[in-house]
Amino acid sequence: MLRLFEVIGKRLLLGFVTLFIVSLLIFSAISLLPGDFAQAVLGQSATEDTLAAFRAGLGLDKPLIQRYFDWIVGVMRGDFGSSFSGRNSSGFDLSRPVLEIMAPKLRNTVFLALVTAVIAVPLALILGLLTALFRNSIFDRSANGLTLTTISAPEFFLAYILIIGFGGLLPTIANVKPDMGLFERLRLVALPTITLTLVIVAHMMRMTRAAIINLLASPYIEMARLSGASQTEIIFRHALPNAWAPIATVIAFNLAYLVVGVVVVEVVFTYEGIGKLMVDSVGSRDIPVVQACALIFAATYILLNLLADLIGIFTNPRLLHPR
Amino acid sequence: MSEATKTPSPLLLDMKNICIEGFADERWHPIIKGVDLQLNRGEVLGLIGESGAGKSTLGKAAMGYTQPGCRITQGEVWFDGQDLAQAKTREKRAIWGTRISYVAQSAAASFNPAHRLIDQTIRASKRLSDRNEAELRRDAIELFDALNLPEPETIGQRYPHQVSGGQLQRVMTAMAMSSLPDLIIFDEPTTALDVTTQVEVLASIRNIVSQFNTAAIYITHDLAVVAQMADRIKVLRYGEEVEQADTRTMLSDPKQDYTKSLWSVRSLEKPGHASDDVLLAIENIDAAYGTAKVLHDVSIKLPRGRTVAVVGESGSGKSTAARVITGLLPQSKGSVTFDGQALPPKLSNRSKEQLRRIQMIYQMADTAMNPRQTVGQIIGRPLEFYLGLRGKEQERRVIELLEMIELDASFYDRLPDELSGGQKQRICIARALAAEPDIIICDEVTSALDQIVQEGILNLLQRLQNEFGIAYLFITHDIATVRAISDEIVVMWQGKVVEQGMKNEILSPPHPAYSELLLSSVPEMNPDWLDTLLTRREAGGEGVIKAQD
Amino acid sequence: MTEIKPKAAPSALNETGAVRLRRSRFDRLRILLSRAPLTAWFGMIVVAIYGIAAVFAPWIAPYGEAEIFAKADDVWSKEHWLGTDQIGRDVLTRLLYGARNTVGIALGTTMLSFLIGGGLGLMAAIDRGWIDQVFSRGIDVLMAIPSLIFALMLLAIFDSSIIGLILIIGVLDATRVFRLARSVSLNIAVMDYVEAARLRGENMGWIMTREILPNILPPLIAEFGLRFIFVFLTIAALSFLGMGVQPPTADWGSMVRENARWITYVPYFPFQEALYYALKPLLPAGCIALLTIAVNFIVDWFLHETSGLRDV
C-alpha cells in the first residue's frame with residue numbers, strides 16, 4: 001500500500017507544481033506588455049496623473065514576485081482583480097471585478113460541456129468498442145472514414161453545415177438567459193452540442209478503438225481464447241479490467257480537447273460562455289480577464305489529466321497488490 | 001466382433017494431411033505442408049524443430065485454432081470423433097480449456113494481470129456442469145501442491161506479478177490440468193526459464209501428466225528436454241515431417257541426415273589450452289546500476305588468444321561484467337587492466353586505439369545492425385573510422401572480410417533485412433573483425449540461433465582465433481556452447497565469481513555448490529537423465545543451494 | 001592437440017530463413033503505389049492540386065490579391081466566377097492566394113516546430129541525463145496549457161503579425177513534436193547498433209544523423225502530416241476568431257469569418273439565395289476541410305504501410 005500512496009502523492013505533487021508554474025507563466029504575461037499599454041487602455045487623452053494612478057492600481061511599481069503573490073492569493077480567494085474595460089481617460093473607474101463578469105459565463109460553459117460530455121462519452125466508448133470488435137467490417141470501415149472526415153473538418157465548418165441543415169428547426173443563436181428553464185436551455189444549446197459531439201466522438205472513438213485493439217493483441221487474450229472463453233467473456237472479463245487506464249486517458253484527453261473546441265463553437269453560436277469571453281477580451285486587450293480565462297482553461301486541462309492518471313494508478317494491479 | 005465390444009479407441013487425436021498458410025507481404029505462404037499426426041490417450045508426443053519449422057502452428061492446429069493471419073487450407077483434425085478443422089467456433093469453445101488445454105511459452109504475458117491466480121486457474125473448468133466452484137478450488141490447491149508450488153493454500157490468492165516466472169509456469173500447468181483434460185499442448189513451456197528453474201518445472205510437468213494419464217504434445221527446440229518428456233518424437237522442418245519414432249530409437253538411431261545433424265551439434269568439443277599471457281584482467285570490480293549493486297568484487301583474467309567463457313543464469317552479472325570492460329558502465333571499485341595498462345573506466349576517456357582493440361558482438365544480430373545501412377556500410381565504417389580506409393581500398397577490404405566469414409561480394413549491397421539469422425551474425429563478426437581487435441566480447445552470440453547455424457558460427461569463431469590469435473570473452477548460459485568453444489571457464493552467480501579455471505577442471509567434479517547445481521541442471525540427451533538427477537537430488541548431499549525460484 | 005576443423009566453407013551462403021526479397025527503391029515505390037487505396041489516391045491528388053494552386057497563385061489568379069471592385073457582395077458572373085466579397089474583392093482570387101498564404105504559413109510553422117522539437121527530442125533521447133530531465137519536465141508544463149488558449153493569450157499581448165503567429169504556434173507545437181521525437185528515438189537509442197556505434201567512439205552528431213534519424217523517419221513523417229493538420233486548423237481557428245492572419249492578406253480562416261454574416265438566415269432564404277449565401281463561407285471552410293481530410297487519408301495509409309501491421 002505504501003507504494004501506492006507514494007505514487008499518488010508524487011502525481012498530486014506534480015499536478016500542483018505544474019499548476020503553479022502555469023499560473024506563473026500566465027501572470028508574467030502582463031509584464032510582457034509593451035510599456036504604453038496604460039495609454040492604450042485609457043485612451044490618448046489620458047493625463048499623466050491618471051496613467052500613473054492606473055499603473056499604481058495594478059501595482060506595477062512593486063517587484064514582480066510580490067505582484068505575483070498578491071495576485072495568486074487573490075485568485076485563491078476568488079478575486080481575479082478588476083477588468084480593464086470601463087476605465088477611461090477621465091480617471092473614473094467604472095470597471096467591474098473579473099469574477100463578476102466571468103461567473104455567469106463560466107456557468108454557461110460548464111453547462112454546455114457537461115451536456116456534450118454526457119452524450120459524447122458513452123456514445124464514443126460504445127462505438128469504439130464495437131468498431132474494435134468488428135474490425136475491418138463494413139461498419140468499422142465506414143465509421144473510420146466518417147470519423148476521419150469529422151476530425152479533419154474545422155469546428156466552424158461543421159457548425160455552419162449544421163446551421164444550414166437544421167437552422168429551420170433549431171435555434172442558431174444560443175442566447176441563453178439566466179432565468180431560462182432547463183428545457184429551453186437544452187433547445188438553445190442543441191446545435192452547439194451536436195457540433196462539439198461530432199468532433200469529440202470522432203476523436204474518442206478512434207482512440208478507444210486503438211486502445212482496445214492493442215489490448216486484444218496481448219498474449220493473455222489469446223490464452224483466454226484458447227481456454228474456450230466466448231467473445232463477450234473476453235471483452236468484459238479479460239480485456240475491460242485492463243482497459244480502464246487507457247480509456248480514462250482517452251476520456252480525459254478528449255474532455256480537455258472539448259475545452260478548446262468550446263471557444264470556436266461559442267463564437268459561432270454567440271453563446272455567452274467563457275470561451276467567447278476570452279476571445280472578446282483578447283480583442284479588447286482586457287488582460288485581467290484574459291488571464292483569468294486562461295488560468296481556468298489551463299487548470300481544467302491539468303485537473304482532467306491528473307484525474308486520468310489517478311484512475312490509471314488505482315486500476316493498476318501492480319500498484320494495488322504490491323509484491 | 002470388434003464393433004460389438006465398443007471399447008473407446010485408443011487413438012485420441014488424428015490429424016490428417018494438415019496444410020496451413022499464413023498471410024504476409026500481400027500473399028499467402030504455406031507454413032505447414034501436409035503433416036499427419038496421431039496421438040493415443042495418455043501418450044506424450046515431442047514435437048521438435050528449429051525456429052520457423054511450424055511446430056507451434058501445428059500444435060495450435062491440434063486444437064483447431066490458428067493465429068490471426070493464418071488459415072487451415074486442407075486436412076482434418078479428428079479429436080475424439082469430431083473434426084475440429086470443420087467445427088464451428090462455438091463447438092470448439094466447448095472443448096477448449098476443458099478437454100484440450102494449452103500451456104504457453106511466456107507465462108508472464110499469458111496471465112491476465114487483473115485477476116487472481118486461482119480465479120484464472122479454475123475459470124475454464126467452471127464451465128463443466130458436473131463440478132462446483134468450491135470443489136474446483138480445493139482441487140486447484142491440490143494441483144498447486146502436486147506441482148511443488150510453495151504455500152499451495154494461499155499462492156492462488158496472489159496476482160501474476162507477485163510470483164516468479166518458474167512458479168507462474170507451474171500455475172499455468174495447474175490451470176491446464178484443472179479441468180482434467182484429455183490433451184494438453186505444451187508450447188515451449190520452459191524455454192524462457194533458467195536451467196536450474198527448468199529442472200523443477202520439467203519434473204513437475206512430467207509427474208502431473210503421468211499421474212493423471214493425460215495425453216500431451218510437447219513442443220520444444222531443445223532435444224535434451226524432449227528426451228526427458230516424450231514417449232515419441234516427431235521432427236519437423238520447413239513445415240514438413242522429417243521423421244518420427246519412439247524416443248529411445250530416435251535418440252540412438254536417427255534415420256534422416258537432418259536429424260543426425262541436429263544430434264551431432266552436441267558432440268562438438270575442443271580441448272582447453274592453458275596460457276599465462278594475460279591480456280585483459282579485471283580485478284575486484286564492484287559495479288551498480290543506480291543504487292542496485294550488481295557486481296561484487298569480481299575478478300576475471302583473459303589470456304591472449306584464448307577463449308574464456310563466462311557462465312551464469314540471468315541476473316548473475318555476466319553481461320554487466322562485459323559492460324564494465326567496454327566502459328559503458330564505469331565500475332565503482334576495482335580496475336580493468338588491458339595489455340599492461342589501466343583502462344579508463346569511462347568510455348569517453350578511452351583512446352580510439354583502446355576502443356579499436358576491444359570489439360563486441362551481440363546476441364541479437366537483428367538489433368545490432370542498423371537496418372538502414374548496407375552490409376558494405378556496416379563493415380566499412382570501422383575500416384574508415386579506425387584505419388582510415390576509404391573508397392576502393394575500403395571496398396576491397398570489406399569483400400576480403402566477407403570472404404573470411406564465408407560469404408562473398410554479392411552481399412556487399414544487401415540490407416540486414418535481406419539476410420538470414422546466421423548471415424546477420426556473420427556480418428556482425430566481420431564488423432568486429434574489421435577493427436583488427438585483440439579481444440572480442442561475445443555476448444550470447446549463438447543463443448538466438450538454430451543449432452545447425454550455431455555450429456557454423458562457433459566453427460567460424462574458432463577458425464578466426466586460430467588464424468588471428470583473437471581472444472574471446474564468451475558470455476553464455478549454454479553449457480554445450482561452453483564445452484565447444486572455451487579454454488577457461490568463469491562461473492558467476494548473483495554478481496559474484498563462483499570459480500574460474502581451466503575448462504577440464506571446472507567441468508569435472510568436485511564443484512562448489514552452485515556450479516554443481518548449474519552443471520547438473522543442464523539437460524542431457526539421455527532419456528533417463530531427469531530421473532537419475534531427481535533420485536540423486538532426493539538422496540541429498542548436494543542441496544546446499546536451492547534453485548533460486 | 002586436435003583443433004576442431006571448420007567444415008567445408010561457404011555453407012553460410014545458402015542459408016535460408018525469413019529472407020526478404022531484394023527490390024530497388026523504385027520498385028518498392030511502384031509496389032507501394034499500386035497498393036494504395038482509393039482514399040490515399042484521393043488525398044495525393046488533392047494535395048497536388050493545392051500545391052499547384054499555392055505555388056502558381058499569382059499566375060493563375062485572375063486578379064490581384066487585394067484588388068477591390070466596385071460591386072461588393074456580387075453573385076457569380078463571367079467576370080467574377082465565384083462572385084466578390086463584402087468589400088468587392090474577387091473571391092476566386094482570394095481563395096487561390098489563400099492557398100498560398102494559409103498553407104504556406106502552416107507549413108512554415110510545422111517546419112519550425114519540427115526543427116526545434118525534433119532536434120531537442122533527439123538530443124534528449126541520446127543524452128538521457130540532465131538535459132533530458134530539464135527539457136522533459138519543462139515541456140510537460142508547457143503542454144499542460146492548451147495551445148489555442150496559450151496562443152490567444154500571447155496574441156492579446158503581442159500584435160498578430162504573420163511572423164509572430166508562426167513563432168508562437170511553432171514553439172507551442174514543438175512541445176508535442178519533442179515528445180514524439182524523444183519517445184521514438186528512445187526506442188532506437190536502446191538498440192545494440194547504437195551501443196555499437198558508441199563503443200566504436202562515434203560522436204553525438206554521427207549517432208544522431210546516421211544511426212537514429214534514418215530509423216525514426218517514418219513515424220516522424222507521419223507525425224509531420226498530423227502536426228501540419230493541427231497547426232493548420234489552429235491557425236484557421238485563430239483567423240476565424242479574428243486573431244490570426246490580418247487583412248488585407250487573403251486567408252481562408254478570415255474569409256470564413258468575413259463571409260459568415262448571413263449564414264444564420266440561410267435556412268429562411270429561397271433556394272438560389274440560400275445556396276449563394278451558404279457557399280460564401282463554406283467555400284473557404286471547405287478548402288480547409290478538404291486539405292485536412294486529404295492529408296489525414298495519406299497519413300492513415302502511410303502509417304498502415306510503415307507500421308508493418310497488415311490486417312487480413
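Keep in mind that the numbers below use all heavy atoms, side chains included, and drop hydrogens, waters and symmetry copies. All of these numbers come straight from a predicted model, not from anything done at the bench. Here is the naming used below: chain letters follow the sequence lines, and residue numbers restart at 1 for every chain.
Between A/Val263 and C/Leu152, the closest side-chain pair of non-hydrogen atoms falls below 4.5 Å.
Taking each heavy atom of C/Ile293 and A/Ser152 in turn, the nearest pair found is CG1-CB, 3.2 Å. Of all heavy-atom pairs between C/Ile288 and A/Pro154, the closest is CG2-CG, 3.6 Å. Of all the heavy atoms in C/Met153 and A/Met278, the pair that sits closest is N-CE, 4.1 Å. Residues A/Phe157 and C/Ala285 come closest through the heavy atom pair CD1-CB, 3.2 Å.
More than 12 non-hydrogen atoms from other residues, nucleotides or ligands lie less than 6.0 angstrom from OH of A/Tyr68. The neighbour count for C/Tyr276 OH, taken as heavy atoms of other residues, nucleotides or ligands under 6.0 Å away, is above 12. Summarising the local packing, CZ of A/Phe139 is surrounded by more than 12 heavy atoms from other residues, nucleotides or ligands at distances under 6.0 Å.
Using a 4.5 Å cut-off between heavy atoms, C/Ile149 contacts chain A through both its backbone and its side chain. Contact annotation for C/Phe297: both backbone and side-chain heavy atoms come within less than 4.5 Å of a heavy atom of chain A. For A/Val267, the part lying under 4.5 angstrom from a heavy atom of chain C is the side chain only.
Interatomic distance, C/Leu241 CG to A/Lys276 NZ, rounded to the nearest 0.5 Å: 11.0 Å. A/Tyr160 contributes atom OH, which lies 9.0 Å from atom CG of C/Leu282 (distance to the nearest 0.5 angstrom).
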task: Please step through side chain to side chain contact (heavy atoms under 4.5 Å, CB included) for the pair C/Asp300 and A/Leu148, ending with a clear verdict.
output: CA-CA 9 Å; C/Asp300 230 35; A/Leu148 200 60; 4.2 Å; yes
